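Have a look at the structure below before the remarks.
On a predicted model such as this, the values are computed, not experimentally measured, just so you know.
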Amino acid sequence: MNESALQNLIDDADALRQLIGRRVRYHEMECEVTDLLFEDGLMIMSACHEVETQEDSYGRPSRLVPQHHNFRFRDAQGHPSPVWGEIIFLDGPLES
């Protein structure tokens, strides 16, 4: 995907929402895009195979949940962050 198409994607909230649910590979780890926080410029990905222990409100371990990773999809100036070059969409490349 070229730079202008990527810039158009991160400027379009509806287009970004279509990424939710897509499986990606990030540094040899398979993940799924599970949420986007537009105000903060964050993409939340859940690992498909790695889990971590979630604590209850008292700090006691209570259940296993997928590991979550937060990535900035845009920098402070509103340009695409470098993370886009490290993500491989497993169901095919993003449309240009």
Side-chain angles (χ1 to χ4, degrees):
M1 176 174 260
N2 65 39
E3 285 295 318
S4 65
L6 188 54
Q7 183 67 51
N8 290 338
L9 173 68
I10 67 167
D11 290 338
D12 185 353
D14 291 330
L16 275 174
R17 279 189 195 94
Q18 293 179 16
L19 297 179
I20 295 174
R22 289 190 67 179
R23 290 193 179 251
V24 300
R25 183 169 311 284
Y26 177 78
H27 289 275
E28 304 300 321
M29 180 175 47
E30 190 174 333
C31 299
E32 181 177 324
V33 178
T34 53
D35 203 0
L36 292 159
L37 304 177
F38 298 103
E39 300 82 23
D40 300 324
L42 288 176
M43 179 185 306
I44 313 302
M45 289 193 262
S46 299
C48 293
H49 304 292
E50 290 83 15
V51 294
E52 60 189 8
T53 304
Q54 185 179 53
E55 298 176 346
D56 65 12
S57 59
Y58 298 103
R60 298 177 300 214
S62 64
R63 65 182 177 156
L64 295 177
V65 297
Q67 284 183 354
H68 288 85
H69 307 279
N70 303 338
F71 299 102
R72 294 223 175 265
F73 62 84
R74 66 174 176 237
D75 63 17
Q77 292 77 33
H79 299 100
S81 72
V83 75
W84 291 102
E86 301 171 16
I87 294 174
I88 299 169
F89 286 87
L90 297 177
D91 58 354
L94 293 176
E95 300 293 321
S96 296

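- Linking ILVMFWY side-chain heavy atoms closer than 4.5 Å, directly or via other members, places Leu19 and Ile88 in two distinct hydrophobic clusters.
- Here the CZ atom belonging to Arg22 is positioned 11.5 Å from the CD atom belonging to Glu32, to the nearest 0.5 angstrom.
- Contact check for Leu9 versus Trp84: side-chain heavy atoms found under the 4.5 Å cut-off.
- Taking each heavy atom of Asp56 and Ser62 in turn, the nearest pair found is N-OG, 3.8 Å.
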- Task: Tell me, with the steps shown, if Asp91 and Arg23 meet side chain to side chain contact (heavy atoms under 4.5 Å, CB included).
- Result: CA-CA 7 Å; Asp91 58 354; Arg23 290 193 179 251; over 6 Å; no

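- Judged by distance alone, the side chain of Glu50 and the main-chain N or O of Cys31 form no donor-acceptor pair under 3.5 Å.
- Nearest heavy atom pair, residue Pro80 against residue Gln7, reads CD-OE1, 3.0 Å.
- Taken to the nearest 0.5 Å, the CG atom of Leu64 stands 11.0 Å off from the CD atom of Gln67.
- Within the 4.5 Å cutoff, side-chain heavy atoms of Arg17 are placed close to those of Phe38.
- The backbone N or O of Ala47 sits nowhere less than 3.5 Å from a side-chain atom of His49 that would complete a donor-acceptor pair.
- Side-chain contact between Val83 and Arg72: absent, with no pair of heavy atoms (C-beta onward) separated by less than 4.5 Å.
- Placement of Leu16 and Ile20 within a single hydrophobic cluster is found when ILVMFWY residues are connected by side-chain heavy-atom separations under 4.5 Å, directly or transitively.
- Atom CZ of Phe71 sits about 10.5 Å away from atom CG of Leu42, to the nearest 0.5 Å.
- Between Met45 atom CE and Glu30 atom CD the span is 12.0 Å, to the nearest 0.5 Å.
- Atom CD of Gln18 is separated from atom CG of Leu36 by 11.5 Å, given to the nearest 0.5 angstrom.
- Of the possible donor and acceptor atoms, none in the side chain of Thr53 sits under 3.5 Å from a partner among the backbone N and O of Pro61.
- None of Ile87, Asp35, Leu37, Ile10 except one satisfies the side-chain contact (heavy atoms from CB on, under 4.5 Å) rule with Met43; the exception is Ile87.
- Counting only distance, with no hydrogens or angles, the side chain of Thr34 and the backbone of Ile44 share a donor-acceptor pair below 3.5 Å.
- Tracing side-chain contacts under 4.5 Å through hydrophobic residues (I, L, V, M, F, W, Y), one reaches Val24 starting from Met29; they form part of the same cluster.
- Side-chain contact between Arg74 and Ser81: absent, with no pair of heavy atoms (C-beta onward) separated by less than 4.5 Å.
- Of the inter-residue distances, the one linking Glu3 atom CD with His79 atom NE2 reads 9.5 Å to the nearest 0.5 angstrom.
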